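This report concerns only the one structure given below.
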Amino acid sequence: MRNITWKKRNIMISVLAAALLCAVCTAGILKINEGAVQQGIARSVIRFHVLANSNSQEDQDLKMQVKADVVEEMQGMLKGARSVEESRSVIEENLPQIQSYANERVKEYGYDYPVSAGLVTTWFPVKEYGDCTFPAGQYEALQIRIGEAEGRNWWCVLYPGLCFTDAVHAVVPEEKKEELSHVLTDDEYETIMNGGRVKVRFRWFS
């Protein structure tokens, strides 16, 4: 009877150890997959990032006015761009013009804050844009900094063109989702549409 009890205990310990090992391996695989998927998404998009001077209502309103004007300006600039590389080149070539334009808008709205514009690689936390969720990580972005740039920020995806969507209802139209799917892999696109969560797929080989 004692031998049977020990056998049961050993079997239980073996099962628990196997389950723990499986959980650790799954967590490791998920972490690796998350990093790879995020980096793949980052290589395929350029984000647009506007930082307000402060969190005061006036500065936040100014941020939204400037972003709307610059988004409209960028729409014209990037109209012929067919890839992330072409979009990057257009932005780099026009950075002085973009900064000057944003600066003019700030002055037009009655403020004397300095404005800077740059194409930067910066950290973004998990961000939702309508029903699309972009995982946290380093992304390339056209960044507009207003004044001290210490206020809440606003963002969208400049390439492919997700900045020009329904701002009232925060819905990404199906045609824009299709554009996004064309520049991403299936796993990358599924992650964005799955709340930014990567699905772990186990492949069995025979």
Side-chain angles (χ1 to χ4, degrees), residues 34-56 59-107 109 111-130 132-165 167 172 176 179-180 183-185 188-189 191-192 196:
E34 285 178 345
V37 169
Q38 185 278 322
Q39 291 167 21
I41 295 170
R43 285 192 295 269
S44 304
V45 304
I46 297 177
R47 296 167 74 152
F48 179 46
H49 194 209
V50 184
L51 290 86
N53 177 66
S54 75
N55 283 329
S56 72
D59 285 345
Q60 287 296 311
D61 290 343
L62 175 64
K63 175 194 70 178
M64 297 305 289
Q65 291 170 320
V66 171
K67 74 88 179 173
D69 292 339
V70 176
V71 159
E72 186 175 354
E73 184 76 1
M74 295 308 303
Q75 183 178 24
M77 283 187 183
L78 295 174
K79 188 174 183 179
R82 293 292 178 264
S83 68
V84 69
E85 291 81 13
E86 289 182 16
S87 299
R88 183 182 299 113
S89 294
V90 170
I91 294 169
E92 288 175 337
E93 290 171 6
N94 289 278
L95 270 177
Q97 180 181 336
I98 295 168
Q99 179 169 310
S100 176
Y101 181 77
N103 191 56
E104 289 171 5
R105 299 284 72 73
V106 168
K107 285 182 167 48
Y109 294 122
Y111 296 84
D112 61 357
Y113 298 137
V115 177
S116 65
L119 192 59
V120 303
T121 299
T122 187
W123 172 266
F124 284 87
V126 175
K127 290 281 191 176
E128 294 181 1
Y129 190 57
C132 297
T133 303
F134 286 74
Q138 297 284 340
Y139 289 86
E140 187 174 28
L142 169 61
Q143 188 177 83
I144 304 290
R145 300 173 64 88
I146 302 174
E148 298 296 326
E150 294 181 350
R152 290 188 301 274
N153 64 86
W154 181 93
W155 76 281
C156 68
V157 177
L158 201 56
Y159 177 84
L162 301 189
C163 285
F164 321 119
T165 59
V172 178
K176 292 299 182 181
E179 288 181 24
L180 185 61
V183 303
L184 301 176
T185 67
E188 291 163 1
Y189 181 72
T191 296
I192 287 175

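Just so it is clear, the structure is predicted and the values come from calculations on it, not from any experiment.
- Minimum interatomic distance between Ala136 and Trp123 (heavy atoms only, all atoms of both residues): CB-CZ2, 3.7 Å.
- The two residues Glu188 and Gly40 make their nearest non-hydrogen contact at OE2-CA, 3.1 Å.
- When all heavy atoms of Tyr159 and Ser83 are compared, the pair lying nearest together is OH-CA, 3.3 Å.
- For the pair Arg47 and Phe134, the cation-pi criterion (under 6.0 Å, within 45° of the ring axis) is fulfilled.
- Note that CD1 of Ile146 is 5.0 Å distant from CG of Leu62, once rounded to the nearest 0.5 Å.
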Inset, instruction - Test side-chain contact (heavy atoms from CB on, under 4.5 Å) on Ile46 and Leu119 and set out the steps. - result: CA-CA 9 Å; Ile46 297 177; Leu119 192 59; 4.3 Å; yes

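- Between the CZ atom of Arg145 and the CG atom of Leu51 there is a distance of 5.5 Å, given to the nearest 0.5 Å.
- Salt bridge Glu104/Lys107: absent, no basic N to carboxylate O contact under 4.0 Å.
- Proximity of Leu162 to Cys156: side-chain heavy atoms (C-beta onward) are nowhere separated by under 4.5 Å.
- The distance from the OG atom of Ser87 to the CD atom of Glu140 is 10.0 Å, given to the nearest 0.5 Å.
- Atom NZ of Lys67 and atom CG of Asn153 lie 13.0 Å apart (nearest 0.5 Å).
- Between Gln60 and Ala52 the shortest heavy-atom distance is NE2-CB, 3.4 Å.
- Using cut-offs of 30° and 60° on the angle between ring planes, the pair Tyr129 and Trp155 is tilted.
- The backbone N or O of Val183 sits less than 3.5 Å from a side-chain atom of Ser44, completing a donor-acceptor pair.
- Rounding to the nearest 0.5 Å places OG1 of Thr122 at 6.5 Å from NE2 of His49.
- Rounding to the nearest 0.5 angstrom, the gap separating the CD1 atom in Ile98 from the CD atom in Glu93 is 10.5 Å.
- Looking at heavy atoms from C-beta onward, Leu158 lies in side-chain contact with Ile91 at the 4.5 angstrom threshold.
- In this structure, Arg105 is positioned above the aromatic face of Tyr101, its NZ or CZ under 6.0 Å from the six-membered ring centre and within 45° of the axis.
- For the pair Thr185/Val37, no side-chain contact is recorded, criterion being any heavy-atom separation below 4.5 Å from C-beta on.
- A pairwise comparison of heavy atoms in Val90 and Asn94 identifies O-ND2, 2.7 Å as the closest pair.
- Inter-residue side-chain proximity for Val84 and Arg88 is flagged as met; some heavy-atom pair is nearer than 4.5 Å.
- Asp59 pairs by the side chain to side chain contact (heavy atoms under 4.5 Å, CB included) definition with Asn53, Ser54, Ser56, Tyr111, Tyr113, not counting sequence neighbours.
- Counting all heavy atoms, side chain and backbone alike, Val70 lies closest to Phe48 at CG1-CZ, 3.5 Å.
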